[in-house]
Amino acid sequence: MEILIISGLSGGGKSQTASFLEDMGYYIVDNLPAGIILKFAEFCAGSQGRYDRLAMVYDVRAGEDFGEFFRVLDTLKRGQAPCSLLFLEASVNTIIKRYKETRRPHPLYAECGSLEAAVNRERELMAPVRERADYVIDSTAFSTAKLKGELARLFGDPAVKTDMTVNVVSFGFKHGLPMEADLVFDVRFMPNPYYIEELRSKTGLDREVYDYVFSFSQTRDFMKHLEGLLQFVLPYYKEEGKTLLVVAVGCTGGHHRSVAVTRALVDFIGALGYQVTENHRDMTRS
């Protein structure tokens, strides 16, 4: 049996992590008090293989003494079943943004008087647990797909082969870089269809815009170099264990040039035999 205990900051991504791990074959138990963790682990150990991979979410309450939890953790680590502690965190600004989006109250809000103070206080309180963690994931810059990919890399069943997916995303620099991007390519040097009146309202998915972008030698030469680079590096990313590679292509607004190049890259990467997804982040933004 394999035991994984999930803990971390409120808003750090524990619930989403538990959902992904469940998809990966873990039996998930949420919000277990420290005193019950050991008993439940003993129960699962005697289940004749029914719970081979067990993940328990330990949600710390305000003012809770970690002494009992650490004793339970030490007992589990001395046992025969491998036991690890995963700690989820994120930056203060990211957690504040997540709470504002969900409109849920932070567990320390009433005590601290403001959301920022509550997040900072919880970070201080949870420092001893973080120090004991075997794995720490900072989900600040993680998209849903990237968090899932990182969990698959760390906790995926080694007997199950995980292929790498390449996500190619177009974006506009005026809207900011995609935080999840692994590779970023700037195509603002290409002639801009925005200045052609009949093309301005269209996008790089329209044939007229696509043909215009690729009618220039600098575009075709750039694509040859970029395709050669990707053909070289993709096998190494896969060999390194990368499950999700995000390739971002940016132009000024994210409507024309980056969309056309992204479309072409998706076809090229797919032809190489990789799983590939296509996303146009800013194509519909003004």
Side-chain angles (χ1 to χ4, degrees), residues 1-45 51-96 98-99 106-109 111-112 116-142 146-158 241:
M1 186 175 73
E2 175 189 347
I3 300 172
L4 178 63
I5 299 176
I6 306 167
S7 190
L9 303 180
S10 303
K14 297 191 299 293
S15 297
Q16 197 171 49
T17 293
S19 297
F20 289 149
L21 289 171
E22 186 173 27
D23 293 339
M24 292 163 55
Y26 280 84
Y27 184 82
I28 305 295
V29 184
D30 197 2
N31 200 18
L32 276 180
I36 299 179
I37 290 177
L38 190 58
K39 294 180 180 178
F40 190 78
E42 292 172 350
F43 166 77
C44 292
Y51 307 105
D52 282 341
R53 311 186 82 196
L54 173 64
M56 296 177 281
V57 181
Y58 173 57
D59 195 6
V60 181
R61 299 304 178 187
E64 184 172 340
D65 180 13
F66 296 133
E68 184 178 11
F69 171 66
F70 289 154
R71 287 192 292 272
V72 169
L73 184 62
D74 290 337
T75 301
L76 289 173
K77 285 183 173 291
R78 289 195 300 266
Q80 294 182 348
C83 174
S84 302
L85 172 61
L86 168 64
F87 190 91
L88 278 297
E89 64 182 7
S91 69
V92 174
N93 288 338
T94 298
I95 293 178
I96 290 173
R98 290 173 182 173
Y99 267 99
H106 191 281
L108 296 180
Y109 182 84
E111 173 187 330
C112 297
E116 183 177 2
V119 175
N120 283 316
R121 178 56 178 158
E122 185 183 38
R123 187 180 294 275
E124 294 175 3
L125 292 173
M126 292 294 290
V129 178
R130 188 187 189 280
E131 291 176 1
R132 292 290 305 271
D134 300 284
Y135 305 95
V136 176
I137 293 180
D138 185 339
S139 64
T140 298
F142 277 19
K146 193 150 191 175
L147 176 59
K148 187 175 184 179
E150 181 66 6
L151 291 170
R153 184 182 72 83
L154 293 173
F155 307 111
D157 188 345

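No experiment lies behind these values; they were computed from the predicted model shown. These values consider heavy atoms only, across backbone and side chains, with no hydrogens, waters or symmetry-generated copies.
For the pair Phe69/Leu85, a side-chain contact is recorded, criterion being any heavy-atom separation below 4.5 Å from C-beta on. Between Ile137 and Leu86, the closest side-chain pair of non-hydrogen atoms falls below 4.5 Å. Between Glu68 and Pro33, every side-chain heavy-atom pair lies at or beyond the 4.5 Å cut-off. Side-chain contact check for Leu73 versus Cys83: some heavy-atom pair is nearer than 4.5 Å. Between Val129 and Phe70, the closest side-chain pair of non-hydrogen atoms falls below 4.5 Å. Contact of the Ile6 side chain with the Leu21 side chain is registered, since non-hydrogen atoms from C-beta on lie closer than 4.5 Å. Within the 4.5 Å cutoff, side-chain heavy atoms of Asp74 are placed close to those of Arg132.
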Task: Worked verdict on Glu150 versus Arg153 for salt bridge (Lys or Arg N to Asp or Glu O under 4.0 Å) - done: CA-CA 5 Å; Glu150 181 66 6; Arg153 184 182 72 83; 2.7 Å; yes
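Atom NZ of Lys148 sits in a sparse spot, with 12 or fewer heavy atoms from other residues, nucleotides or ligands closer than 6.0 Å. Residue-environment remark: OH (Tyr109) stays at or below the threshold of 12 foreign heavy atoms within 6.0 Å.
In this structure, Ser15 OG and Asp30 CG are separated by 6.0 Å, a value rounded to the nearest 0.5 Å. Going from atom CG of Leu4 over to atom CD1 of Ile28 covers 8.0 Å, rounded to the nearest 0.5 Å. The line from NE2 of His106 to CZ of Arg98 is 12.0 Å long, rounded to the nearest 0.5 Å. Put simply, CE on Met56 and CD1 on Ile3 are 5.5 Å apart, with the number rounded to the nearest 0.5 Å. Rounded to the nearest 0.5 Å, atoms CG (Leu9) and CG (Asp138) are 9.0 Å apart. To the nearest 0.5 Å, atom CZ of residue Arg78 and atom CG of residue Leu76 are 9.5 Å apart.
Contact record, Ala81 with Met1: CB-O, 3.1 Å, taken as the closest heavy-atom pair. Minimum interatomic distance between Phe142 and Leu147 (heavy atoms only, all atoms of both residues): CD2-CA, 3.7 Å. Taking every heavy atom of both residues into account, Met24 and Leu151 meet most closely at CE-O, 3.5 Å. Taking each heavy atom of Met126 and Ser7 in turn, the nearest pair found is CE-OG, 3.6 Å. Residues Tyr26 and Ala55 approach most closely at CD2-CB, 3.8 Å, considering heavy atoms.
Applying the salt bridge (charged side-chain N to carboxylate O under 4.0 Å, His left out) test to Lys77 and every residue at least two apart in sequence or in another chain returns Asp134. Judged as a ring-ring contact (aromatic ring centres under 6.0 Å, His included), and not counting sequence neighbours, Phe20 has no contacts. With sequence neighbours left out, the salt bridge (charged side-chain N to carboxylate O under 4.0 Å, His left out) criterion links Asp23 to no other residue. A search for ring-ring contact (aromatic ring centres under 6.0 Å, His included) contacts involving Phe87 returns nothing, not counting sequence neighbours. Residues passing the side chain to side chain contact (heavy atoms under 4.5 Å, CB included) test with Phe43, sequence neighbours excluded: Phe40, Tyr51. Residues satisfying the salt bridge (charged side-chain N to carboxylate O under 4.0 Å, His left out) test with Glu124, not counting sequence neighbours, are Arg121.
Checked by atom type and distance alone, the side chain of Thr140 pairs as donor or acceptor with a backbone atom of Ser91 at under 3.5 Å. Of the possible polar contacts, one joining the Ser139 side chain to the Gly12 backbone as a donor-acceptor pair under 3.5 Å is found. Under a 3.5 Å cut-off, the side chain of Glu122 and the backbone N or O of Leu108 do not form any donor-acceptor pair.
Aromatic ring centres of Tyr135 and Phe155 lie closer together than 6.0 Å.
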